[in-house]
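Structure first, commentary second.
Lettering follows sequence order; numbering is per chain, from 1.
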Amino acid sequence: MHPRRLSTLLSKRQQLGQIAAAIDALQKRKDADLKECVRVIQSCARLGALAEGRRIHQLMRRVGLGSDVYVSNHLVMMYGKCGSLEEARLVFEATPAKNVFSWTILITVCAQHGRSQEALALFYEMLKQGIQPHSVSFTAAINACSAGPEFLPAGRALHALLRRYGFQDAVVATTSLVSMYSKCGSLEESMRTFESMTEPNAVSWNAMIAAFAEHRRGLEALRTLQKMFLEGIRACSDVVVGTTLVNMYAKCSGLHDANAAFVKLQEPNIITWNVLISAYVQHCCFKEAMELFRRMLLLGLEMDEVTFINILGACCVPVALEDGRAIHACVREHPLASNHAPLENVILNMYGKCGSLQDAEAMFKSMSQPDVIAWNTMIAAYGQHGHTSEALRFYELMQEEGVVPDDYTYVSVIDASCANAGLPEEAHAYFVSMQQDHGVRPGGGHYGCMVESLGKAGRLSDAETLIQCMPFEPDVLTWTSFLANCRSHGDMKRGKLAAKGAIRIDPEASTGYVALARIHADAGDFQEASRIRKLMLDRGIRKNAGRSIIKLGTSVYEFTAGDQSNPRSKEIFDELKRLDKEMKSAGYDPDMAHVAHDVEAGQKEPLLFAHSERLAIAFGIISTSPGTPLRIMKNLRVCGDCHTMTKLTSKITRREIIVRDSNRFHHFKNGSCSCKDFW
DNA sequence: TTAGGGTTAG
C-alpha cells in the first residue's frame, strides 16, 4: 500500500470518533492517565477539533490537572491550533508556574495567527520576568517579524539579541532570519545571514532559494547559489533543494534555465520530473513535454497521479487524441492511479477537448462516483460539440443523482442552451433559475454567455443593453463574441463599439484592430481603416494569421492560407480542384462575402479556395484511406464559406470531419454540421 | 515531557 493512501484510510470523521471514545473512556476512570490525556489533547490539536478539545480541558480541570504546567502548555497549543486564541491566552494566564515552553508556545500561536505585536510583546515580557529564552523562543519571535517590512527593525533587534545570547549557530533560528529578511524586503541581509551560517541544511537552502525567487533581481544570485549547490561547496545534495531550483527557474527565468538545472542533478526524483513536465506544459511546449514523458517510460521510472495529470494537460487538443488515449492506457495499468477522482476528471476533460465524445462518454460511465467536476465537464463537452439536448439532459440527471450544481455548471448550461439553437429565452430561463432556485450569483462567465445567446439570435440591442447593465467590466471574450455576432448580422455601428471594447481590454490582441479597420473599410472610410492598421503596427501587434493543424500518424502538419510549402502541395491543390468541381456540379456557389469578413482574407476566390483548413482537409483526404475521420484544429473561427464547403466535403467523401476552431467544435457528417450553422 | 525554520506536482 502506498503511504499516502494509508494515511487517508482513516477519515477525519473516524479519527474524531476515536477521540470522542477515548475521552469517554478517560471520564469513566477514577485516576488520571496523564500520558493518555496529553495524547488526546495532541490529537485534538492535529485535527483542529475544538469541541473535543474543550471536553478534555474540562476533564483535566475536574481531575485537578487543570493548572499543571505540562498539561496547560499542551492545552494552549491545542487552542491555538484550533484557532481559539482567547482560550489559549486564558489557559496561559491561569498557569501559575509558567516555564520557557509556556511562553514560547504562546508566542508561536500569536505569530501564526498574525498577531505579531502581541508575540513580540510576550517575548520581551518573558525576558523581563527573567526567563532564560531558548533558541526556539527566538525562532517564534523572528517569525512574528516576517509579517512585513514594518517589522524589519524589530527583526534586526532580535538578530542582535540572538547573537548576544550565543545562538548565532542555531540553524533553525538562523534560517528563520533568512526568510524573515527576505519577506521584509531586505534580500541583502537575507544573503548575508545565509553566508554567515556554518552548516546550512536543506531547509536553509530552500529558504534562500525562495528568497531569490521572491525578488526578481535575485536571478543572478540564484545562479551562483546553484553553482555552490552543484559543486557541493556547502555540503548539500538534497534532492528537494535541486527540485526547488528547477521549479524556481521555471517560474522566474524560463524553460532553458529550468532544464539546465534539471540535467545537472545527479538523482532527480519523481517530483523533479513532474515539476519539469509541468513547466513545459505550462509554457505550451507540448511536444517537449511528451518527449520527457516518453523518456520516463523508457527509463522505467516510477510515475504517480501527478505525472499523468500534468502530461494530460499537453493532450487537450484534438491532434493529440492518440497520445491521450495511450496515456489513458498507461493509467489503467497503474495500480495507484486508478479511482483517483482528479485524474479521472482530467482524462474526461482530455477526451472532450480532443473532440471525442464517445471516449468521454465511456470514461464517464466507467466512473463509480462522478463528482460535480465530472458532471460539469460532460455538460461543457456536450455544449461545445453542439449537443444541446444531451448537455441539458445531463444537467437534469446530475440533480437526480444528488449532485449539487455549482457556478461552473451554470456557465456550461447557459452556454449549451444557446449553443446552436439561437434560443435566448431558454438561456435566460436558466440564468434566472440559477439565482432564484439554486442561489448561485451570476459572475462574468454567466453574463458573457447571455450576451452570446442574445447576439447569436440577432438581438444585438438587447445584448448591448446587457453589456451596459452587467455589474462587471465585460472581458475580452465577451467583446469578441459580441463583435462576431455584430458582423454576421451586419450591424456595423455596434460592431465598432465591440471592437473598441476588445481593444480597450486587450490592446495587445489583433482581433479588435483588424475588425475595426474592416468595418471602416466596408463603410468606404479607407482613410480611417488605414489609420487603425497603422496604429496596430505602431504598437507592434501582428495580425493573427490563420493556421490549421492536422495530425497523421505521429506527425503534425501545419498549414497557413495559400500555403505551398508542403511537399505534396500540388496533389493538395489538385484534390481541392477536384472537390470544387464536384461541388459546383452539385450546385454550390462560393460565397464571396466571407472573403471580406474573414481574417485570413486578401484577394477573392483563389485565397478563399486555399484557406488553411481546406488545405489541411485536402491533405488529410489524400493521405488516409477512404472513410477515415479527420481531426483538424484551427486557431481562428471557421468562415462561412469554408463551413459550407466542409459540410459538402463530408458528404462527397463520406467522411467525418471534426474541426476545433477558436470557439467550438464542428462535427461535419453527411453534409451537415453539429453546430447547426450557429457558431 | 512539551515549542521552532523551507520546499517540490494537480
Out of [options], which has the shortest distance to the side chain of [X]?
X        : options              : value
A/Tyr70  : B/dA3, B/dT8, B/dT2  : B/dT2
A/Val136 : B/dG4, B/dT7, B/dT8  : B/dG4
A/Phe101 : B/dG4, B/dT2, B/dG10 : B/dT2
A/Gln112 : B/dG4, B/dG10, B/dA3 : B/dG4
A/Val306 : B/dG10, B/dG5, B/dT2 : B/dG10
A/Asn310 : B/dA9, B/dG5, B/dG6  : B/dA9
A/His74  : B/dA9, B/dG6, B/dT2  : B/dT2
A/Ile309 : B/dT7, B/dG5, B/dG10 : B/dG10

Touch class at under 4.0 angstrom, heavy-atom based, for [X] against every strand present:
X        : result
A/Asn269 : nothing
A/Thr307 : nothing
A/Met77  : sugar-phosphate
A/Ser204 : base
A/Val240 : base
A/Asp238 : nothing

query: When A/Glu36 is tested against each of A/Val38, A/Val40, A/Leu34 for side-chain contact (heavy atoms from CB on, under 4.5 Å), which residue passes?
result: A/Val40
d([atom1], [X]; [atom2], [N]) in whole Å:
X        : N     : atom1 : atom2 : answer
A/Ile41  : B/dT2 : CD1   : P     : 14 Å
A/His113 : B/dG4 : NE2   : P     : 13 Å
A/Asn247 : B/dT8 : CG    : P     : 6 Å
A/Asn99  : B/dT2 : CG    : C1'   : 8 Å
A/Lys81  : B/dG4 : NZ    : C1'   : 11 Å
A/Ile105 : B/dA3 : CD1   : P     : 6 Å
A/Met197 : B/dG5 : CE    : C1'   : 9 Å
A/Gln132 : B/dA3 : CD    : P     : 20 Å

query: Could you walk me through whether A/Glu322 and A/Arg325 pass the salt bridge (Lys or Arg N to Asp or Glu O under 4.0 Å) check?
result: CA-CA 5 Å; A/Glu322 290 314 315; A/Arg325 282 205 186 112; 2.9 Å; yes
message: I need the residues from residues 154-184 of chain A with at least one non-hydrogen atom less than 4.0 Å from DNA chain B; give them sorted by number, or say none.
response: A/Val171, A/Val172, A/Ala173, A/Thr175, A/Ser176, A/Ser179, A/Lys183
- prompt: Just wondering, are more than 12 heavy atoms of other shown residues or ligands nearer than 6.0 Å to OH in A/Tyr165?
  reply: yes
task: Using a strict 4.0 Å threshold on nitrogen-to-oxygen distance, state whether A/Arg89 and A/Glu118 make a salt bridge.
output: yes
- prompt: Salt-bridged, A/Asp68 to A/Arg61, with N to O below 4.0 Å?
  reply: no
field: Residue pair A/Ser278 / A/Gln282, side-chain heavy-atom distance below 4.5 Å
entry: yes
task: Tell me whether the OP1 or OP2 atom of B/dG10 has a side-chain N or O from A/Gln282 closer than 4.0 Å.
output: yes
message: When you measure from the side-chain N and O atoms of A/Ser278 to the phosphate of B/dG10, is any distance below 4.0 Å, counting only OP1 and OP2?
response: yes
- line: The reported gap from CZ in A/Arg163 to CG in A/Leu158 (rounded to nearest 0.5 angstrom) is 11.5 Å
- request: List in chain and number order the residues that pass ring pair (Phe, Tyr, Trp, His ring centres under 6.0 Å) with A/Phe101, two or more places apart in sequence or in another chain; answer none if no residue qualifies.
  value: none
- prompt: Is a donor-acceptor contact shorter than 3.5 angstrom present between the side chain of A/Asn143 and the base of B/dG4?
  reply: no
- request: Kindly state each residue pair satisfying side-chain hydrogen bond (donor to acceptor under 3.5 Å, both in side chains) with at least one member in residues 283-294 of chain A, sequence neighbours excluded.
  value: A/Arg294-A/Asp323
